Amino acid sequence: MTDRAPLSRKLSAIAESATLKVDAKAKALKAAGRPVISYAAGEPDFATPQFIVDAAAEALHNPANFRYTPAAGLPVLREAIAAKTLRDSGLEVTPSQVIVTNGGKQAVYQAFQTVVNPGDEVLLPAPYWTTYPEAIALADGIPVEVFAGADQDYKVTVAQLEAARTDKTTVLVFVSPSNPTGSVYTPEETAEIGRWALEHGIWVITDEIYQNLTYEGARAVSIVEAVPELAGQTLLVNGVAKTYAMTGWRVGWMVGPADAMKLAGNLQSHLSSNVNNIAQIAAAAALNGPQDEAEQFREAFDRRRRLIVAELSKIDGVEVPNPLGAFYVYPDVRGLLNRSWGAATPTTSLELADLILEQAEVAVVPGEAFGPSGYLRLSYALGDAELLEGIQRLQRLFS
């Protein structure tokens, strides 16, 4: 009998999301009765604001919402996204330049599919969100990591980007505030990078999903606001998940020049068609409605940010750059490696994360998920009491 034909080589090369993997392991341990505290998932612990839930509930009474709708999104939501893009990113677009997606992840996937050709090199500042290199590979592109360490506040420079650029470079990934580091580029840094991309005709994919979560007076200036001429070669991806505690609603979007959005829209028409109509109406309510609760969420994140930075900094061997955005800290833990902690001597942050989970029952994501070893990502999107207890466990472990 002839052997079965092989599975997809492209998909076989794609790794599972490291953050979701760690979070699933932590949840399984908790379900088994272990008192695990998880800093793994980038998911707000708040309930979605009630007025958004009410808008969804009301939408359930309209039979029109039980039918197919335009693949690119409901007009009411595309209009709301266009207004938000002008308000927060300084870019005026028409609703026709907006495509609503099943969460920000689909927007990221489609963005790379839209502007990457086989063999194209994509400059990927590291540390990076774990999905970016896989999405680049799925578009037959080649991710080129450009690393910036804690000494640079995890922000790459134009000099580094230029050193990595070749005649095959066609795309730059730009993320501010950053997942996993929480770093926010200054307006001047953003403008310098934007002008460099414009000069070399490089597409920019900018992930702005954390743009409304900044602290200490920082503002995440969009690269298209810093360099308006760049709008013709920039795709913006965003969503309601983080700002409005709507991770499970699965509504994101992409914005860009009309010709690029035409291609992305054609892809989506075959890939998924329209996003759930009830969730789209809820997202429109979030963007158009009062922002009081979203601001309360941001203030809570700020309080937790200050707490986790202060407490982690008490651990000898841990360096904690001060994050000004998102809800992550990304400590440099190389000072904890190659030292004995109980019966274990971790040599990598992957081994260190395993040790922490086993000995302290705390789940963190190792730096290997985001680039080089030697770092950990901790999300502070969890309750205040749990957040403090988990860090105190680490303090005891590494005392």
Side-chain angles (χ1 to χ4, degrees), residues 48-49 51-52 55-56 59 65 69-111 113-115 174-177 204-213 219-225 228 230-232 234-269 271-291 293-295 297:
T48 302
F51 77 91
I52 299 173
N65 293 323
T69 54
L74 292 174
V76 65
L77 179 53
R78 296 172 81 188
E79 290 168 5
I81 292 167
K84 176 195 164 41
T85 303
L86 177 59
R87 181 172 67 242
D88 293 339
S89 301
L91 178 65
E92 185 170 1
V93 296
T94 65
S96 64
Q97 292 174 259
V98 175
I99 294 178
V100 181
T101 60
N102 290 279
K105 245 176 202 180
Q106 184 179 353
V108 168
Y109 170 81
Q110 290 184 174
Q113 292 289 330
T114 300
V115 298
F174 184 76
V175 188
S176 177
V204 176
I205 295 176
T206 180
D207 189 338
E208 300 188 339
I209 200 162
Y210 295 99
Q211 71 180 164
N212 297 121
L213 295 174
R219 178 170 175 260
V221 174
S222 176
I223 200 165
V224 290
E225 180 177 352
L230 197 62
T234 301
L235 303 183
L236 298 79
V237 299
N238 210 323
V240 293
K242 313 299 184 177
T243 301
Y244 301 100
M246 294 179 68
T247 53
W249 295 79
R250 309 312 302 140
V251 180
W253 58 82
M254 56 193 304
V255 175
D259 55 349
M261 291 301 97
K262 172 61 176 172
L263 299 188
N266 290 346
L267 170 60
Q268 183 158 312
S269 73
L271 180 68
S272 64
S273 193
N274 66 280
V275 173
N276 179 288
N277 294 319
I278 306 303
Q280 287 194 70
I281 291 169
L287 296 179
N288 292 332
Q291 303 299 302
E293 287 177 84
E295 173 59 17
F297 297 164

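Note that these values count all heavy atoms, side chains included, but never hydrogens, waters or copies made by symmetry. The shown structure was predicted, so the numbers you read here are calculated from the model rather than taken from an experiment.
Looking at residues two or more places apart in sequence or on another chain, you find a side-chain hydrogen bond (donor to acceptor under 3.5 Å, both in side chains) between Asn212 and Lys84, Asp88. Under the side-chain hydrogen bond (donor to acceptor under 3.5 Å, both in side chains) criterion, Thr247 pairs with Glu43, sequence neighbours left out. Shown here are the salt bridge (Lys or Arg N to Asp or Glu O under 4.0 Å) partners of Lys105, two or more places apart in sequence or in another chain: there are none. A search for salt bridge (Lys or Arg N to Asp or Glu O under 4.0 Å) contacts involving Glu92 returns nothing, not counting sequence neighbours. By the side-chain hydrogen bond (donor to acceptor under 3.5 Å, both in side chains) test, Ser273 pairs with no residue at all, sequence neighbours left out. Not a single salt bridge (Lys or Arg N to Asp or Glu O under 4.0 Å) links Glu79 to another residue, sequence neighbours left out.
Here Ile81 contributes atom CD1 and Leu77 contributes atom CG; the two are 3.5 Å apart, rounded to the nearest 0.5 Å. To the nearest 0.5 Å, atoms OG1 (Thr206) and CZ (Phe174) are separated by 6.0 Å.
In this structure, Thr69 contributes its side chain and Leu74 its backbone to no donor-acceptor pair below 3.5 Å. Of the possible donor and acceptor atoms, one in the side chain of Asn65 sits under 3.5 Å from a partner among the backbone N and O of Ala59. Counting only distance, with no hydrogens or angles, the side chain of Glu208 and the backbone of Leu236 share no donor-acceptor pair below 3.5 Å. Formation of a donor-acceptor pair under 3.5 Å by the Gln106 side chain with backbone atoms of Thr101 is not found in this model. Looking only at distances, a side-chain donor or acceptor of Gln97 sits under 3.5 Å from a matching main-chain atom of Thr94.
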Could you give me the CA-CA distance, side-chain angles and deciding distance for Tyr244 and Leu287, then say whether side-chain contact (heavy atoms from CB on, under 4.5 Å) is met? CA-CA 9 Å; Tyr244 301 100; Leu287 296 179; 4.0 Å; yes
Show the numbers, then the answer: is there a side-chain contact (heavy atoms from CB on, under 4.5 Å) between Tyr109 and Leu271? CA-CA 11 Å; Tyr109 170 81; Leu271 180 68; 4.1 Å; yes
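Minimum heavy-atom separation, Pro257 to Leu235: CD-CD2, 4.0 Å.
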